[in-house]
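Here the structure is laid out as structure tokens; the discussion comes afterwards.
No hydrogens, no waters, no symmetry mates; every other heavy atom, side chains included, goes into these values. The chains referred to below are lettered A, B, ... by the order of the sequence lines, with proteins before strands, and numbering in each begins at 1.
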Amino acid sequence: MKNQEVARIFFGIADYLELQGVEFKPSAYRRAARNIEGMSQDVEDLWREDRVGEIPGIGKNLAAKIAEFLKTGRVQVYEKLKAEIPEGLVEIMRIQGVGPKTTKLLYDRLDISTVEELREAAESGRLYRVKGLGPKKAKNILRGIELREAYVQRMILGRALPIAEGMIVYLKARAPIDQIAVGGSLRRMRETIGDIDILAASEAPAEVMLAFVGMPDVQEVLLQGNTKSSVILGNGMQADLRVLDGESYGAGLLYFTGSKDHNIRLRSLAISLGMRLNEYGVSRGDKQVAGATEEEVYQALGLPYIEPELRQGQGEIEAAHRGELPHLISLENLRGDLHVHTNWSDGHDTLEAMVRAAQARGYEYVGISDHSQSLHIAGGLKEEEVIEEDAEIKDLQGKMPDIRILHGAEVDILEGGRLDYPDEVLKGLDFAIGSIHSRFTQPEEEMTDRVITAMENEFLTILAHPTARHINEREPIALDLPRVFEVATITGTALELNAGISRLDLNGAHARAAKEAGAPLIINTDAHATVGLDQMKFGVGQARRGWLEAEDVVNTRSLAEFQAWLDR
DNA sequence: GCCGTTTTCGGCCCGACTGTTTTCAGTCG
Ligand SMILES: Nc1nc2c(ncn2[C@H]2C[C@H](O)[C@@H](COP(=O)(O)OP(=O)(O)OP(=O)(O)O)O2)c(=O)[nH]1
Ligand SMILES: [Mg+2]
Ligand SMILES: [Mg+2]
Ligand SMILES: [Zn+2]
């Protein structure tokens with residue numbers, strides 16, 4: 001899949017054009033790049049079907065550049081810019097607080113074209129020779145260079161959210177706060193998070209700001225104003241706080257939740273309606289018409305409420321206009337978790353502890369799915385042990401009538417798509433989950449055949465974490481997902497949205513494509529301890545980003561219906 | 001370069017914070 005390469009080229013062209021002072025085109029290239037980067041379909045497949053124009057932000061010119069890249073492996077415009085513009089300028093532009101204008105100024109006036117040259121110039125005071133650059137700017141640049149060296153990669157959602165929630169508790173305890181919430185990519189449940197964004201309503205914003213910049217984990221204060229402050233935390237991550245009045249809280253939350261694309265579209269819509277939208281509210285002339293809640297802001301723009309997970313600039317506003325927004329699935333819709341480990345294999349807790357924990361979360365059923373025999377490293381169960389585990393489950397079921405315990409297994413998909421238990425064993429189970437846990441680097445065709453062969457086994461119920469990626473750690477396997485979706489509609493294999501915070505696999509974009517293809521879906525935690533069951537909300541977050549409704553997900557069904565689905 | 005409940009051409013979101021500015025440009029969210 002060449003999506004990332006195409007996106008990188010478009011981002012690159014955007015940077016170069018911006019350095020040249022070109023207007024508007026950089027954002028056009030960036031929007032296109034973001035959409036190509038985030039979509040689940042292979043841009044090459046779309047191109048073959050002559051459908052790249054369907055990608056938001058791709059018009060005639062960008063379509064031609066995609067075609068050029070896929071045919072020749074290069075984009076001339078990009079190569080030309082790259083040859084013209086010194087390598088180091090893009091790097092300089094990436095320094096926090098230094099943008100295209102400053103970069104160009106430094107290059108034109110001081111012939112600075114590398115970060116190292118810039119550092120020397122800032123330290124020596126050579127910078128001051130240029131009008132518009134003073135000592136504070138020099139200090140800022142040096143700080144920016146240091147921050148760059150301490151750069152941290154985007155944090156996974158499941159780690160960032162508790163940090164943000166901790167900050168909210170801290171702030172509430174130390175300043176008068178009427179309303180407070182996480183915003184940004186965290187609220188939209190993006191799989192990775194660039195920074196922590198928090199929005200608060202308070203009558204004493206200065207106190208909130210003081211509490212924020214005084215948090216024990218603050219390493220550096222980047223900027224501090226009356227309504228907005230930014231800090232760097234001990235782990236290198238940035239946190240932004242915005243404080244507004246209560247009557248602007250809804251508009252502020254809308255603004256701070258984004259996405260940027262969504263914001264710009266809403267603001268453009270407001271203009272077209274003769275109004276104006278900013279973080280303080282919607283106004284007509286100088287009369288404020290909405291602002292206290294997000295609902296009333298959307299309403300003022302003639303739209304129904306759009307859930308944060310949908311605010312990606314991926315057609316949600318058009319769908320809202322047509323009255324075709326999905327009724328998104330929520331955590332409460334889930335009636336069971338079908339991917340749960342116990343200490344029979346590599347789980348931390350006992351079978352009984354896991355089942356009780358599932359019951360405590362209100363589930364009607366829980367599926368136990370320990371590892372299969374070949375996965376020695378995870379204590380995979382031998383065939384006899386499967387039978388022993390089954391006896392323990394029957395025993396426990398007798399003691400716990402209020403939750404149905406389904407006995408399954410997470411079965412390795414071996415070479416050639418063979419499953420890690422013989423059919424006689426699989427037949428005795430209530431369900432079976434297939435997983436790729438080995439030979440991750442097979443070429444796409446082999447891997448796809450391997451997975452599809454497994455799906456065609458009549459006893460395989462669920463395909464777990466289909467791409468097998470670990471966010472920031474292991475790349476997805478080479479798998480032809482559209483084909484897998486296609487096959488799932490025929491075999492009825494449910495494709496998993498694995499809610500484990502390092503996996504989120506399938507993710508939202510995949511889920512949306514899978515739904516469009518008509519594939520059955522299921523959300524599971526893959527819990528290896530009782531607390532792991534709480535990760536369900538992250539799977540639900542991805543499902544919501546994928547526009548899924550309860551009916552698209554098999555484990556929202558009642559026990560009777562779910563059992564019927566298993567028995568089909 | 002894209003795109004159309006405002007347009008097929010002429011727009012393209014809008015405000016906070018900072019630094020160096022004598023009135024505003026640059027950067028960022
Ligand atoms: N109107 C408008 N809003 C913006 C702009 N840039 C950012 N925002 C809003 C929407 C963003 O979701 C929100 C927070 O900005 P961030 O830079 O933190 O982005 P976000 O959290 O979406 O992604 P991240 O994971 O932090 O990279 O601020 C902009 O240029 N215009
Ligand atoms: Mg953010
Ligand atoms: Mg931010
Ligand atoms: Zn598992």
Side-chain angles (χ1 to χ4, degrees), chain A residues 10 13-14 17-18 21-33 35 52-66 77 92-106 127-128 130-141 143-144 147 183-185 194-199 205 209 213 221-230 238-244 248 251-283 301-303 313 317-318 320-323:
Chain A
F10 285 179
I13 293 176
L17 292 176
E18 198 166 47
V22 176
E23 279 189 294
F24 304 114
K25 290 191 191 189
S27 25
Y29 274 99
R30 288 197 180 108
R31 166 151 192 255
N35 286 330
V52 287
E54 291 173 22
I55 304 167
I58 304 286
K60 249 185 73 182
N61 282 284
L62 292 189
K65 289 187 176 61
I66 291 172
V77 171
I92 289 176
M93 192 171 65
R94 292 231 168 78
I95 295 169
Q96 172 129 209
V98 181
K101 296 285 187 340
T102 310
T103 305
K104 194 160 183 311
L105 190 69
L106 290 165
L127 239 49
Y128 312 162
V130 182
K131 189 165 107 231
L133 298 179
K136 290 200 175 158
K137 187 81 192 170
K139 252 186 91 186
N140 259 333
I141 287 174
R143 180 180 73 174
L147 281 175
S185 47
D195 69 354
I196 290 175
D197 301 297
I198 295 178
L199 181 89
M209 287 304 169
V213 300
V221 179
L222 291 178
L223 53 89
Q224 182 180 355
N226 295 324
T227 75
K228 178 175 138 178
S229 297
S230 295
Q238 181 170 329
D240 297 334
L241 173 70
R242 188 76 200 258
V243 185
L244 295 161
S248 292
L253 188 56
L254 186 61
Y255 152 69
F256 220 27
T257 298
S259 65
K260 178 176 166 174
D261 252 26
H262 185 81
N263 287 353
I264 291 175
R265 279 144 182 277
L266 286 183
R267 287 170 183 212
S268 306
L269 176 62
I271 293 170
S272 74
L273 297 172
M275 295 185 277
R276 166 194 197 78
L277 169 64
N278 57 29
E279 61 266 48
Y280 297 99
V282 184
S283 50
L301 299 175
L303 296 171
I317 293 174
E318 293 80 352
H321 265 132
R322 293 194 305 266

**Request:** Can you sort out the partners of A:Ile271 under side-chain contact (heavy atoms from CB on, under 4.5 Å), two or more places apart, ordered by chain and number?
**Result:**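 Per chain and number, A:Ile271 pairs via side-chain contact (heavy atoms from CB on, under 4.5 Å) with no residue.
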Minimum-distance nucleotide (side-chain atoms of [X] versus [options]):
{"X": "A:Ala28", "options": "B:dC13, B:dG1, B:dC17", "result": "B:dG1"}
{"X": "A:Tyr280", "options": "B:dA16, B:dT6, B:dC2", "result": "B:dA16"}
{"X": "A:Ile264", "options": "B:dG1, B:dC17, B:dC13", "result": "B:dC13"}
{"X": "A:Lys101", "options": "B:dT6, B:dG26, B:dC14", "result": "B:dG26"}
{"X": "A:Lys65", "options": "B:dG1, B:dC14, B:dG29", "result": "B:dG1"}

In whole angstrom, what separates [X]'s [atom1] from [N]'s [atom2]?
{"X": "A:Ile271", "N": "B:dG10", "atom1": "CD1", "atom2": "P", "answer": "18 Å"}
{"X": "A:Ile95", "N": "B:dT27", "atom1": "CD1", "atom2": "C1'", "answer": "14 Å"}
{"X": "A:Glu23", "N": "B:dG26", "atom1": "CD", "atom2": "P", "answer": "11 Å"}
{"X": "A:Asp197", "N": "B:dC28", "atom1": "CG", "atom2": "C1'", "answer": "12 Å"}
{"X": "A:Leu254", "N": "B:dC14", "atom1": "CG", "atom2": "C1'", "answer": "13 Å"}
{"X": "A:Arg30", "N": "B:dT27", "atom1": "CZ", "atom2": "P", "answer": "12 Å"}
{"X": "A:Lys260", "N": "B:dG15", "atom1": "NZ", "atom2": "P", "answer": "16 Å"}
{"X": "A:Tyr29", "N": "B:dG1", "atom1": "OH", "atom2": "P", "answer": "4 Å"}

Heavy atoms under 4.0 Å, any strand shown: does [X] hit a base, just sugar-phosphate, or nothing?
{"X": "A:Leu105", "value": "nothing"}
{"X": "A:Gln96", "value": "sugar-phosphate"}
{"X": "A:Pro100", "value": "sugar-phosphate"}
{"X": "A:Lys25", "value": "base"}
{"X": "A:Leu266", "value": "nothing"}

Looking at [N], I'd like to know if its phosphate oxygens (OP1 or OP2) sit under 4.0 Å from a side-chain N or O belonging to [X].
{"X": "A:Thr227", "N": "B:dC17", "value": "yes"}
{"X": "A:Asn278", "N": "B:dC13", "value": "no"}
{"X": "A:Asn140", "N": "B:dT18", "value": "no"}
{"X": "A:Thr102", "N": "B:dT27", "value": "yes"}
{"X": "A:Lys131", "N": "B:dT21", "value": "no"}
{"X": "A:Gln238", "N": "B:dG29", "value": "yes"}
{"X": "A:Arg322", "N": "B:dT5", "value": "no"}

Separation between the [atom1] atoms of [N] and [M], rounded to whole Å:
{"N": "B:dT23", "M": "B:dT8", "atom1": "C1'", "value": "40 Å"}
{"N": "B:dC17", "M": "B:dC12", "atom1": "C1'", "value": "24 Å"}
{"N": "B:dG15", "M": "B:dT6", "atom1": "C1'", "value": "24 Å"}
{"N": "B:dA16", "M": "B:dT5", "atom1": "C1'", "value": "32 Å"}
{"N": "B:dC24", "M": "B:dC13", "atom1": "P", "value": "23 Å"}
{"N": "B:dT21", "M": "B:dT27", "atom1": "C1'", "value": "16 Å"}
{"N": "B:dG10", "M": "B:dT22", "atom1": "C1'", "value": "35 Å"}

**Asked** Between A:Arg30 and A:Glu18, is there a side-chain N and carboxylate O pair less than 4.0 Å apart?
**Response**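 Salt bridge: yes.
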Is there side-chain contact between [X] and [Y], with at least one heavy-atom pair below 4.5 Å?
{"X": "A:Leu301", "Y": "A:Met275", "value": "yes"}
{"X": "A:Ile196", "Y": "A:Leu241", "value": "no"}
{"X": "A:Pro100", "Y": "A:Thr103", "value": "no"}

**Request:** For A:Leu269 and for A:Gly57, locate the closest nucleotide of DNA chain B by heavy-atom distance; then report the residue assigned to the nucleotide nearer the 5' terminus.
**Result:**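 The residue closer to the strand's 5' end, by nearest nucleotide, is A:Gly57.
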**Which residue lies more 5' along DNA chain B, comparing A:Gly53 with A:Ser229 via nearest heavy atoms** =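 Final value for this comparison: A:Gly53.
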**Donor-acceptor pair, side chain of A:Thr257 and main chain of A:Leu253, under 3.5 angstrom** =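 Between the backbone of A:Leu253 and the side chain of A:Thr257 there is a qualifying donor-acceptor contact (under 3.5 Å).
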**Message:** Would the distance check show the side chain of A:Asp197 and the main-chain N or O of A:Asp240 forming a donor-acceptor pair, the cut-off being under 3.5 Å?
**Reply:**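 No; judged by distance alone, with no hydrogens or angles, the pair does not exist.
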**Prompt:** Is there ring stacking between A:Phe24 and B:dC12, where the centres must be under 5.5 angstrom apart and the planes under 30 degrees?
**Reply:**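 Per 5.5 Å and 30° rule: yes, stacked.
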**Prompt:** Across all strands, who's sitting opposite B:dT27 as a Watson-Crick or G-U wobble pair, both distances under 3.5 Å?
**Reply:**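 The base-pairing partner of B:dT27, which may sit in any strand shown, is B:dA16.
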**Asked** Ignoring hydrogens and angles, does a donor from either the side chain of A:Tyr255 or the base of B:dG15 sit under 3.5 Å from an acceptor on the other?
**Response**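 A donor-acceptor contact between them is absent.
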**Spatial distance of atom CG (A:Leu147) from atom CG (A:Leu222) [nearest 0.5 Å]** =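 Those atoms lie 6.0 Å apart.
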